[in-house]
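A short write-up of the structure that comes next.
Values below: all heavy atoms of this structure, side chains included; hydrogens, waters and symmetry mates excluded. So you know, we letter chains A, B, ... as the sequences are listed, proteins then strands, and number each from 1.
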Amino acid sequence: MQPDLFDKKAFQTDLIQWFKQNQRQLPWREDQDPYKVWVSEIMLQQTQVDTVIPYFKNFIDKFPTPTALAEADEQDVLKAWEGLGYYSRARNLHTAVKEVKEKYQGIVPEDRQQLSKLKGIGPYTLGAIMSIAYDQPEPAVDGNVMRVMSRVFRIDDDIAKQKTRRIFENLVREIISLEDPSSFNQGVMELGALICKPRNPQCQLCPVRAHCQAFQSNSQADYPVKSKQKKQKTLHYYVTILESQSGEFLIEKRPSAGLLAGLWQFPMIEQGEVDAQLLATFLEQTYKTKVLNTQKLESIKHIFTHLIWSIDVFHFKVADFSITESAQQLVSLADMKDYPFPVPHQKIIEQLNI
DNA sequence: AAGTCGGGGCT
DNA sequence: AGCCCAGACTT
């Protein structure tokens with residue numbers, strides 16, 4: 001980049017003026033409450049705005065302050081996060097507000113170092129909170145910012161690589177508005193979401209196209225450069241629904257780490273561990289009960305970012321039995337609403353309700 | 001540096 | 001059927 005060919009002041013003005021006139025009205029933009037900025041930024045990680053809106057409203061309604069969230073049970077926090085995905089975000093946020101309550105009297109710290117040590121606050125979220133909540137000129141580089149800036153300056157570093165983020169952070173430090181860093185950062189992201197989109201960018205509507213190298217060379221489709229991720233592997237499971245004669249269902253809590261940590265599910269058995277023909281016998285031995293009736297339900301395919309679940313679902317009516325571990329519960333269909341389930345298991349519950 | 005961690009929307 | 005999304009953490 002040749003700085004003398006880039007009119008920084010004009011870029012800032014064009015961007016910020018556009019943002020102030022075209023920004024969407026979003027629930028986390030109603031005030032500058034650092035806690036709300038924080039919650040919104042965590043929810044927005046890898047998640048689209050329209051998906052986040054109802055979750056954000058419900059979450060703030062249930063947990064209006066850091067202290068209120070700190071004092072909540074983890075299960076209730078996960079329940080409020082149910083269906084949003086990346087559940088470690090919720091557990092890390094919960095951990096972090098407990099620290100804010102204990103160490104900072106429930107006030108979200110304004111200090112960069114203190115903020116950055118909180119669980120779940122990485123480079124992007126740190127910059128977002130510092131700039132949006134506290135008006136500090138910190139870069140907040142997300143996928144939008146890398147896409148927009150890669151086009152404006154024709155930067156061809158691979159944005160899938162971790163270290164590339166630092167290149168864009170250094171760039172933003174050079175050009176960020178010191179008068180209104182909040183509108184600058186949000187403006188770049190809003191531009192990325194509404195105009196400078198991954199495919200078919202609306203360059204004719206872009207407020208900064210006069211400053212954009214890709215537009216001038218009609219090469220916007222070549223940016224950003226991003227290497228492909230490799231394909232998911234498919235895992236095959238049986239899900240076994242055990243319904244006792246008294247109408248209760250066996251659910252179990254997933255481990256506190258790893259995939260879908262802390263959520264509840266019907267027992268899952270990897271295919272290959274047990275032959276399908278021997279499933280009933282296996283369950284009778286494992287849960288000390290007697291299978292009275294077996295019914296196969298609709299199979300489920302669930303696609304995660306890095307793997308695929310292919311699930312065959314069986315509904316067993318069994319003789320009454322008792323559970324032995326605290327990570328297991330016998331619950332009625334109606335009581336399942338109090339437990340957080342992963343989406344594929346929510347879909348199974350819907351099947352049971354029909 | 002690579003892998004793990006969800007789910008939905010869009011083309 | 002991929003690709004994308006206001007990424008962070010672990011190994």
Please tell me which of the listed nucleotides, C:dC5, C:dA6, C:dT10, lies nearest to the side chain of A:E190? C:dA6
Quick check for you: among C:dA6, C:dT10, C:dC4, whose closest atom lies nearest to any side-chain atom of A:D142? C:dA6
Less than 4.0 Å between a side-chain N and a carboxylate O, is that true for [Y] and [X]?
X: A:K9; Y: A:E179; answer: yes
X: A:K101; Y: A:E71; answer: yes
X: A:E74; Y: A:R91; answer: no

If the plane angle is over 60° it's perpendicular, under 30° parallel, otherwise tilted; pick one for A:F11 and A:F6. tilted
Rounded off to whole Å, could you give me the [atom1]-to-[atom2] distance for the [X] and [N] pair?
X: A:K301; N: B:dG8; atom1: NZ; atom2: C1'; result: 16 Å
X: A:Y55; N: C:dA6; atom1: OH; atom2: P; result: 17 Å
X: A:I159; N: C:dA6; atom1: CD1; atom2: P; result: 12 Å
X: A:Q162; N: C:dA8; atom1: CD; atom2: P; result: 9 Å
X: A:R91; N: C:dT10; atom1: CZ; atom2: P; result: 10 Å
X: A:L126; N: C:dA6; atom1: CG; atom2: C1'; result: 14 Å
X: A:Q229; N: B:dA2; atom1: CD; atom2: C1'; result: 13 Å

So A:K231, base contact, sugar-phosphate only, or nothing? Heavy-atom distance under 4.0 Å. nothing
Quantified in whole Å, what is the C1' atom distance between nucleotide B:dG6 and nucleotide C:dC5? 12 Å
I'd like the P distance from C:dA6 over to B:dT11, given in whole Å. 14 Å
So which protein N/O to nucleotides 5-7 of chain B N/O distances come out below 3.5 Å?
{"unit_1": "B:dC5", "atom_1": "OP1", "unit_2": "A:L259", "atom_2": "N", "d": "3.2"}
{"unit_1": "B:dC5", "atom_1": "OP2", "unit_2": "A:H306", "atom_2": "NE2", "d": "3.3"}
{"unit_1": "B:dC5", "atom_1": "N3", "unit_2": "A:Y86", "atom_2": "OH", "d": "3.4"}
{"unit_1": "B:dG6", "atom_1": "OP1", "unit_2": "A:Y86", "atom_2": "N", "d": "3.4"}
{"unit_1": "B:dG6", "atom_1": "OP1", "unit_2": "A:Y87", "atom_2": "N", "d": "2.9"}
{"unit_1": "B:dG6", "atom_1": "OP2", "unit_2": "A:L260", "atom_2": "N", "d": "2.4"}
{"unit_1": "B:dG6", "atom_1": "O4'", "unit_2": "A:Y86", "atom_2": "N", "d": "2.9"}
{"unit_1": "B:dG6", "atom_1": "N7", "unit_2": "A:Y86", "atom_2": "OH", "d": "3.3"}
{"unit_1": "B:dG6", "atom_1": "N7", "unit_2": "A:T305", "atom_2": "OG1", "d": "2.4"}
{"unit_1": "B:dG6", "atom_1": "O6", "unit_2": "A:Y86", "atom_2": "OH", "d": "3.0"}
{"unit_1": "B:dG6", "atom_1": "N1", "unit_2": "A:Q46", "atom_2": "O", "d": "3.0"}
{"unit_1": "B:dG6", "atom_1": "N2", "unit_2": "A:Q46", "atom_2": "O", "d": "3.3"}
{"unit_1": "B:dG6", "atom_1": "N2", "unit_2": "A:T47", "atom_2": "OG1", "d": "2.9"}
{"unit_1": "B:dG6", "atom_1": "N2", "unit_2": "A:L84", "atom_2": "O", "d": "3.4"}
{"unit_1": "B:dG7", "atom_1": "OP1", "unit_2": "A:Y87", "atom_2": "OH", "d": "2.7"}
{"unit_1": "B:dG7", "atom_1": "OP1", "unit_2": "A:V343", "atom_2": "N", "d": "3.2"}
{"unit_1": "B:dG7", "atom_1": "OP2", "unit_2": "A:H302", "atom_2": "NE2", "d": "3.0"}

For A:S219 against A:R154, the heavy-atom pair lying closest together: OG-NE, 3.6 Å
